[in-house]
Amino acid sequence: MHALLLDGAVRDWVFIPLTLAIVLMKLLTQFMHQLFNAPPPNNKELKEIREMQAITRAGRLRGFGRFIPETSFKMRKEYFAGEKGLFSGKAVTRSPQEAMATDPSVMVDMMKKNLTGMVPQLGMGMVVNFFFQGFVIGKVPFPLSPRFKPMLQRGIDLASLDVSYFTSLSYYILLLFGLRGAFSLVFREEMVDETAMMQRQMNPMAANPMGVDMDAAFKAEKAALGQVEHEWELESAEERAVEVLRRQLKAKKL
């Protein structure tokens, strides 16, 4: 295959404008993300906060209940998982479906997050397809296998073209995702995550969790507490301490 001589006008009217357009689009996406993705207001009631904290407290009781006396453990277990305990009643916290149906701010927040990543990329894709499609703009300085041809030569179907040449459309796609490392150095933790954007676009419900099903959480925690039996961790603490001291004294004598 013969080497191609690329016109300098391709650099001036395709490569440089395309690079600037992609950088400006990334900046626009970043600033839109910061503008529209402010933390949502906390509309939870006091009872809902208490229920969420009760789940946490019950988990701590299961994990560290062996460090408190048996009477204290049984009192706490009865409070949470007894017949008239907290987990035996109906939860006040709304399920995600109820929150989505009754709180319009949830849907508005989801739409903002989707539009933040969708609109700039759709607009830039249309501009690239209209103005910059069909140009060979460069060549990588090392040989590549034919498997890279579909990735580097999008928009041009030439079997005789060497695989090391890349087109403007492929350059746009590679630069679109390759600039994340450079932008992360500038914006740090506020950097836009393209992977999270794609998840929100494909499955908004999974990518935007509005809460938990508290009734199901109550049932699961009640069943877990019912299976836990108290074992006093400090019952034989004196004997274990004496055994440790004996081993230390033996080690010193040796």
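This is a predicted model, so every value here is computed, not measured. The first residue of the sequence shown is numbered 1, and numbering continues consecutively from there.
Judged by distance alone, the side chain of K90 and the main-chain N or O of D215 form no donor-acceptor pair under 3.5 Å. Judged purely by atom type and a 3.5 angstrom limit, Q153 uses its side chain to pair as donor or acceptor with the backbone of Y165. For S168 (side chain) and V128 (main-chain N/O), no donor-acceptor pair under 3.5 Å exists by modelled atom type. Without hydrogens or angle criteria, K77 side chain to V228 main chain gives a donor-acceptor distance under 3.5 Å.
The closest side-chain heavy-atom distance from M52 to I49 is not below 4.5 Å. At least one side-chain heavy atom of S88 sits less than 4.5 Å from a side-chain heavy atom of K222.
How far NZ of K26 is from CG of L24: 12.5 Å, rounded to the nearest 0.5 Å. The CZ atom of F166 sits 14.0 Å away from atom NZ of K149, with the distance rounded to the nearest 0.5 Å. One distance of note links CG of L161 with OG1 of T167; it measures 9.0 Å at 0.5 Å rounding. We find the OH-CG distance between Y171 and L152 to be 13.0 Å, quoted to the nearest 0.5 Å. Taking CD1 from I137 and CG from D7, the interatomic distance works out to 13.5 Å, rounded to the nearest 0.5 Å.
Taken together through direct or relayed side-chain contacts under 4.5 Å among Ile, Leu, Val, Met, Phe, Trp and Tyr, V242 and L245 form parts of separate hydrophobic clusters. Tracing side-chain contacts under 4.5 Å through hydrophobic residues (I, L, V, M, F, W, Y), one reaches I22 starting from F131; they form part of the same cluster. The same ILVMFWY cluster, assembled from side-chain heavy atoms under 4.5 Å apart, contains both L158 and V136. When hydrophobic clusters are built by joining Ile, Leu, Val, Met, Phe, Trp and Tyr residues whose side-chain heavy atoms come closer than 4.5 Å, directly or via intermediates, W13 is not grouped with M124. F130 and L169 fall within the same hydrophobic cluster, where Ile, Leu, Val, Met, Phe, Trp and Tyr residues are linked whenever their side-chain heavy atoms come under 4.5 Å apart, directly or through other members.
For the pairing with V14, the side-chain contact (heavy atoms from CB on, under 4.5 Å) check across V10, I16, D12 returns one residue only, V10. With E70 as the partner, the side-chain contact (heavy atoms from CB on, under 4.5 Å) test is satisfied by one option alone out of H230, M75, E229, E231: H230.
The two residues F135 and F132 come nearest to each other via the heavy atoms CD1-O, 3.4 Å. The two residues E221 and G59 come nearest to each other via the heavy atoms OE2-N, 3.6 Å.
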With side-chain contact (heavy atoms from CB on, under 4.5 Å) as the test, would you mind laying out the steps for M25 and L176 before giving the verdict? CA-CA 9 Å; M25 188 272 293; L176 180 66; 3.1 Å; yes

Passes side-chain contact (heavy atoms from CB on, under 4.5 Å), M126 versus N129? Steps please. CA-CA 5 Å; M126 293 175 61; N129 283 325; 5.9 Å; no

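By the neighbour-count criterion of 12 heavy atoms within 6.0 Å, atom CZ of F67 is densely surrounded, having more than that number from other residues, nucleotides or ligands.
Every residue two or more places apart in sequence or in another chain that forms a side-chain hydrogen bond (donor to acceptor under 3.5 Å, both in side chains) with S164 is listed here: D162.
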